[in-house]
Amino acid sequence: MLTMENIVREGHPALREIAEPLSFPLSEEDLTLANEMMEFLENSQDPEISEEMGLRAGVGLAAPQLAVKKRMIALLIPGEYEDDPPELQEVMVNPRIVSHSVEDICLKDGEGCLSVDRDVPGYVVRHSRITLSYQDVTGKTFKKRFKGYPAIVLQHEIDHLNGVMFYDHINQESPMALDEDVKILG
Ligand SMILES: CNC(=O)c1cccc(C)c1Nc1nc(N2CCN(c3ccccc3Cl)CC2)nc(N2CSC[C@H]2C(=O)NC)n1
């Protein structure tokens with residue numbers, strides 16, 4: 001079972017390296033990793049378990065955050081209401097953005113990261129819509145379009161596979177500066 005101790009923090013080299021593609025069939029070790037990453041996100045979003053285990057809540061996790069330099073990410077984005085099914089629950093292998101919108105988007109309150117133990121204020125400007133190609137843990141290939149919050153989370157996690165941190169996207173001179181055509185998500 002993964003805890004916060006398993007998550008490497010900024011300064012760890014794994015967060016600044018390019019992760020390797022996985023080949024199929026996945027090893028037992030990689031299948032276990034996929035399950036543990038999803039379980040961590042579930043635990044982190046559970047009020048009792050997260051309290052008991054001291055977990056920070058997250059909706060995405062990338063293998064390099066566990067010092068595993070492999071192209072695997074886990075997403076667990078809750079539905080709008082308590083009893084709704086998740087908006088997105090998926091482990092993606094070798095995800096690749098194949099196309100994206102011209103329009104950009106950012107979160108009104110900025111972004112947080114389980115590997116960054118500090119608040120980094122500023123707008124993180126990302127593509128507002130992306131088309132993603134990826135494989136599931138069985139090796140089946142998918143090509144899907146995402147927009148809004150799921151698109152933001154996916155870009156944040158795919159950045160981790162390429163050694164990019166969310167604050168790399170923040171305008172250092174003026175963190176709150178925004179072009180007028182960037183969509184702000186509340
Ligand atoms: C500095 N200001 C801020 O962080 C920030 C501040 C306000 C609003 C937002 C929206 C912010 N931004 C932000 N909030 C989140 N969460 C909201 C709370 N939620 C959650 C919390 C508790 C239970 C269940 C859940 Cl679901 C967990 C996810 N997550 C991310 N990111 C960036 S993309 C990857 C994703 C991630 O998982 N980070 C660990 N950013």
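The basis for the numbers below is simple: all heavy atoms, side chains too, and nothing from hydrogens, waters or symmetry mates. Atoms within a ligand are numbered from 1 in the order they appear, just like the ligands themselves. Please read these numbers as outputs of a predicted model, since none were measured by experiment.
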**Item:** Pair Y149-L185, side-chain contact (heavy atoms from CB on, under 4.5 Å): steps then yes or no
**Value:** CA-CA 8 Å; Y149 189 58; L185 201 58; 3.9 Å; yes
**Prompt:** Would one find an N or O of G112, backbone or side chain, under 3.5 Å from an N or O of ligand 1?
**Reply:** yes
**Asked** When you measure from atom 10 (C) of ligand 1 to every protein heavy atom, which one gives the shortest distance, and what is it?
**Response** L107 CD1, 4.1 Å
**Request:** Work out which heavy atom in M1 is nearest to a heavy atom in N6; give both atom names and the distance.
**Result:** O-OD1, 4.2 Å
**Message:** Looking only at distances, can you tell me whether any N or O atom of V59, backbone or side chain, sits closer than 3.5 Å to an N or O atom of ligand 1?
**Reply:** yes
**Complete:** Here the atoms of ligand 1 under 4.0 Å from any heavy atom belonging to D119 are 1 (C)
**Message:** Looking at R9, I'd like to know if its CZ atom is crowded, meaning that more than 12 non-hydrogen atoms belonging to other residues, nucleotides or ligands lie closer than 6.0 Å.
**Reply:** yes
**Request:** For side-chain contact (heavy atoms from CB on, under 4.5 Å), just list the numbers for R96 and L132, CA-CA rounded to whole Å, side-chain angles, deciding distance to a tenth of an Å, and then say yes or no.
**Result:** CA-CA 6 Å; R96 185 168 57 87; L132 207 51; 5.7 Å; no
**Request:** Please write down residue, atom name and distance for the protein heavy atom closest to atom 29 (N) of ligand 1.
**Result:** Y149 OH, 3.8 Å
**Asked** Can you list the ligand 1 atoms lying under 4.0 Å from a non-hydrogen atom of H156?
**Response** 32 (C), 33 (S), 34 (C)
**Item:** Protein contact to atom 9 (C) of ligand 1 [nearest heavy atom, distance to 0.1 Å]
**Value:** D109 CB, 4.1 Å
**Prompt:** Which of the atoms in ligand 1, numbered in the order shown and given with their element, are less than 4.0 Å from a heavy-atom of G60?
**Reply:** 37 (O)
**Prompt:** Does atom 21 (C) of ligand 1 have a protein non-hydrogen atom under 4.0 Å from it?
**Reply:** yes
**Asked** Between D30 and K70, is the closest basic N to carboxylate O distance under 4.0 Å?
**Response** yes
**Message:** So which atom in V137 and which in F24 form the shortest heavy-atom distance, rounded to 0.1 Å?
**Reply:** O-CE2, 3.7 Å
**Message:** Could you tell me, atom by atom, which parts of ligand 1 come under 4.0 Å of a heavy atom of E157?
**Reply:** 34 (C)
**Request:** Locate the shortest heavy-atom distance separating V98 from K143; write the atom from each residue and the value.
**Result:** CG2-CD, 4.4 Å
**Shortest protein contact, atom 23 (C) of ligand 1 (heavy atom only)** = A57 CB, 3.9 Å
**Item:** Salt bridge D159-R126, side-chain N to carboxylate O under 4.0 Å
**Value:** yes
**Message:** Please determine whether the number of non-hydrogen atoms from other residues, nucleotides or ligands lying under 6.0 Å from atom NZ of K144 exceeds 12.
**Reply:** yes
**Message:** Give me the nearest non-hydrogen protein atom to atom 12 (N) of ligand 1 as residue plus atom name, then the distance to 0.1 Å.
**Reply:** G110 O, 2.9 Å
**Asked** What residue and atom, counting heavy atoms only, is the protein's closest point to atom 1 (C) of ligand 1, and at what distance?
**Response** E111 O, 3.4 Å
**Asked** Heavy atom under 4.0 Å from ligand 1: found in P121's side chain, backbone, both, or neither?
**Response** neither
**Asked** Can R118 be said to sit on top of Y167's aromatic six-ring, NZ or CZ under 6.0 Å from centre and within 45° of the ring axis?
**Response** yes
**Request:** Can you confirm whether something in the protein, heavy atoms only, sits under 4.0 Å from atom 26 (Cl) of ligand 1?
**Result:** yes
